[in-house]
**Student:** 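Below you will find the structure I want to go over with you.
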2 protein chains.
Amino acid sequence: MLFTHMDEQDSQQRLTDILKAAGDPTRRAILTLLAQHGPLRVTDIAARFDISLNSVSKHIKVLEGAGLVTRRTEWREHMIELRVEELAHVDRWFRDLRSIWALRLEALDHLLTQETDP
Amino acid sequence: MLFTHMDEQDSQQRLTDILKAAGDPTRRAILTLLAQHGPLRVTDIAARFDISLNSVSKHIKVLEGAGLVTRRTEWREHMIELRVEELAHVDRWFRDLRSIWALRLEALDHLLTQETDP
DNA sequence: CTATCGTTCACCCAAATGGTTGACTAATAT
DNA sequence: ATATTAGTCAACCATTTGGGTGAACGATAG
C-alpha cells in the first residue's frame, strides 16, 4: 500500500509520536549524539549514558517508531542513524499554528480599520 | 531573582516541558483553538471537547506550566491566551541539531577531498 | 439569603512510561 | 568447544499521565 495521501488522522499521530519521542531528555541527547557522530551502534550510544543498555535500546525503539532514526541491521550490529528530515513535520505544525494566529490578528485589524473609517 | 542567564539545565527543562505539553493531541487542539479565536475562558475551551471541564482545566495548567499559554484572571473568569513566541525554544533546538548535523557532514566532506587530493 | 456560575482542589483509577534484571539468540574470537 | 559480544524480549516496579467525581470557594444574580 502506497502512501499517496496521508490523512489528517495519521498526520496527527505522526506529530504526537515525534513530539512525545523528543519530549524525553535522554532521547534528545541520543539525537544530538547521532547528529555529532553519524550512525552509531546501540552499544556505542549506551556507553554515553549511565542507564542500562536495555533502557537505551527501548529509547531507540521509541525514536524509531517516531521515524526520527532508522536502523540498518548489519549482521549482529544495528547501526542507528538520525533522520533530521522528520523534524519537518513539527516545523509544519508550528508554521500552520502561527499562520492561523496571524490570520486572526489580520482579520481583527481589518475589522478595526473598517469601523474607525467607514 | 532575575533571569539574566538561563543555564543549560533550565533550558533543557523548558524544552522538555514544551515538547511534552505539545505531545498531547487534546492540548494541541486547545492551542489551535486559541490561535483561531484569541483569548478564551476555560469553560469556552471545555465546551469544544467531550471530556470533563476538570480535565480541560488540567490540560491548561500543563500548557501554562510550559509557558505556551498565559492566564489573565479577571474577576472569576480566567482568560487563557496563546503565547506563540514560546515555540521559538523548539525552533532553536531544531536549528542547533540540524547545524551540528550539517557541520559533521561538512567536515566529512573536507576530509574526503583532502584524502583524494593531498 | 439562596442559587448558580466559573474554577480549582483533593482523591481515585487505569494505562503508559522509564527504569531495572534475567533469560535468550546469534555471531565472533580464543 | 567455549567464552564474549551485540542486541532483543519478557517480566517487574515505581512514577507519571489522562481521565473521572465530588466538594469547596468566591462572585454574581434572583
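Letters go in sequence order (proteins before strands), and every chain restarts at 1.
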**Student:** Pairing donors with acceptors under 3.5 angstrom, does anything connect the side chains of B/Thr16 and A/Arg28?
**Tutor:** yes

**Student:** Find out whether the Lys NZ or Arg CZ of A/Arg95 is both under 6.0 angstrom from the six-membered ring centre of A/Trp93 and within 45° of the ring's axis.
**Tutor:** no

**Student:** I want to check one thing: is the phosphate of C/dT20, taken as OP1 and OP2, less than 4.0 Å away from some side-chain N or O of A/Ser52?
**Tutor:** yes

**Student:** B/Ile80 has an atom CD1; how far is it from atom P of C/dG6, in whole Å?
**Tutor:** 14 Å

**Student:** Which one, C/dT7, C/dC9, C/dT21, comes nearest to the side chain of B/Asn54?
**Tutor:** C/dC9

**Student:** Does C/dT7 have OP1 or OP2 under 4.0 Å away from a side-chain N or O of B/Ser57?
**Tutor:** no

**Student:** In whole Å, I'd like the distance from the CD atom of B/Glu64 to the P atom of C/dT7.
**Tutor:** 12 Å

**Student:** Taking B/Arg27 for its side chain and B/Leu63 for its backbone only, find out whether a donor-acceptor pair lies under 3.5 Å.
**Tutor:** no

**Student:** Determine, for B/Asp17 against B/Lys20, whether the closest basic-nitrogen to carboxylate-oxygen distance falls under 4.0 angstrom.
**Tutor:** no

**Student:** Determine yes or no for a side-chain-to-main-chain donor-acceptor pair under 3.5 angstrom, with B/Arg14 supplying the side chain and B/His89 the backbone.
**Tutor:** no

**Student:** Counting only side-chain N and O atoms of B/Arg41, is one of them less than 4.0 Å from OP1 or OP2 of C/dC5?
**Tutor:** no

**Student:** Could you check which residues of residues 42-51 of chain B get a heavy atom under 4.0 Å from DNA chain C? Sort them by number, please.
**Tutor:** B/Val42, B/Thr43

**Student:** Starting from the 5' end of DNA chain C, give me the residue, B/Lys20 or B/Leu53, whose nearest nucleotide shows up first.
**Tutor:** B/Leu53

**Student:** Whole Å only: how far is the CD atom of B/Glu77 from the P atom of C/dT4?
**Tutor:** 19 Å

**Student:** Could B/Arg98 and A/Asp91 be called an ion pair, given the rule that one side-chain N must be under 4.0 Å from one carboxylate O?
**Tutor:** yes

**Student:** Does a side-chain N or O from B/His59 land closer than 4.0 Å to OP1 or OP2 of D/dG18, or not?
**Tutor:** no

**Student:** Give a yes/no answer on whether the side chain of A/Lys58 brings an N or O atom under 4.0 Å of OP1 or OP2 in C/dT20.
**Tutor:** no

**Student:** With nearest nucleotides of DNA chain D determined for B/Ser55 and A/Ile60 from heavy-atom distances, which residue corresponds to the more 5′ nucleotide?
**Tutor:** A/Ile60

**Student:** In this structure, how many angstroms lie between the P atom of C/dC5 and the NE2 atom of B/His78, rounded?
**Tutor:** 17 Å

**Student:** Could you check whether B/Glu86 pairs with B/Arg83 (Lys NZ or Arg NE/NH1/NH2 to Asp/Glu carboxylate O, under 4.0 Å)?
**Tutor:** yes

